[in-house]
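What follows is one structure encoded as structure tokens, with my remarks underneath.
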Amino acid sequence: MSAPLIVVNCKTYAQASGIAAEALAVEMQAIDTNARLVLAASALDIASVASAAPDLEVWAQHLDPVGYGSNTGRIHPKTAIERGATGTLSNHAERKVPIGQIDELLAALPPGFDLCACAADPKEAEALAHLAPPMIAVEPPELIGGDISVTTSDPTVVSSSVEVVRKVDSGIDVLCGAGVKTGEDVAAALDLGAAGVLLASGVTKADDPKAVLSDLVSKI
Ligand code: G3P
């Protein structure tokens with residue numbers, strides 16, 4: 001079994017942007033754990049975060065399926081990779097894209113580059129599974145940023161997503177997110193069959209992010 005994955009999404013939280021993102025990356029890199037830790041940074045911060053914490057995996061929060069050329073404002077995958085990104089989120093609840101764009105992006109990415117496609121529910125997770133992304137994260141939008149973990153308030157959304165995705169393609173790792181804040185939430189996610197978690201505010205709004213990170217990996 002591969003190492004449980006914990007992806008911290010910086011979004012545009014002040015505590016995880018610019019210099020603060022670099023500090024968070026350094027703290028994450030220093031965590032002694034068997035879990036796989038990833039920081040999904042703002043595109044603006046990928047290079048500085050990757051340079052501040054060279055041993056930490058840094059992902060983009062979104063990439064556009066574009067090449068070099070006339071693509072104003074788009075996030076160009078090849079440049080993100082050159083800047084240090086080793087993976088990306090796609091179709092996050094706060095950055096939805098048409099499903100065809102995820103397919104195009106998958107076709108444009110080099111082998112080994114991780115893409116975690118986000119789904120609101122098992123139905124969307126199943127549809128995304130047909131694209132065969134390396135990972136799918138299920139996050140009920142109404143629970144995002146809340147205080148109760150999806151693993152407590154809606155555990156069946158996690159187990160059902162795992163089940164339907166496995167039926168389509170057993171090689172896809174399913175993560176869950178929304179309200180995840182503690183090591184117990186991570187353990188519950190793993191018990192429900194998830195390969196890991198995707199979270200943001202539990203870390204980015206914490207008074208002591210280092211303590212939260214240590215707690216998140218404490219049951220692994
Ligand atoms: O991308 C992670 C996310 O949407 C969940 O956010 O703040 O509920 O951990 P949060």
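From a predicted model like this one, the values you see are computed outputs, not experimental measurements. Just follow the structure's listing: the first ligand is 1, and inside any ligand the first atom is 1.
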For Thr88 and Ser90, does a side-chain donor sit closer than 3.5 Å to a side-chain acceptor?
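No.
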
What donor-acceptor contacts under 3.5 angstrom involve side-chain atoms of residues 95-112, with partners at least two apart or in another chain?
{"from": "Arg95", "atom 1": "NH2", "to": "His62", "atom 2": "NE2", "distance (Å)": "3.3"}
{"from": "Lys96", "atom 1": "NZ", "to": "Glu124", "atom 2": "OE1", "distance (Å)": "3.1"}
{"from": "Lys96", "atom 1": "NZ", "to": "Glu124", "atom 2": "OE2", "distance (Å)": "2.7"}

Does atom CG of Asp208 have more than 12 heavy-atom neighbours, drawn from other residues, nucleotides or ligands, at distances under 6.0 Å?
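Correct, the count exceeds 12.
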
Only pairs at least two apart or in different chains count here, so list each ring pair (Phe, Tyr, Trp, His ring centres under 6.0 Å) that has a residue in residues 68-103.
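For residues 68-103, and leaving out neighbouring residues, the ring pair (Phe, Tyr, Trp, His ring centres under 6.0 Å) pairs sorted by first residue read Tyr68-His76.
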
Side-chain donor-acceptor distances from residues 192-206 under 3.5 Å, at least two apart:
{"from": "Thr204", "atom 1": "OG1", "to": "Ala200", "atom 2": "O", "distance (Å)": "3.2"}

Heavy-atom contacts under 4.0 Å to ligand 1, chain-then-number order, include exactly Asn9, Lys11, His92, Glu139, Ile144, Gly145, Ala178, Gly179, Leu198, Leu199, Ala200, Ser201

Please examine the side chains of Thr12 and Ser42, heavy atoms only from C-beta on, and report whether any two atoms are closer than 4.5 Å.
no

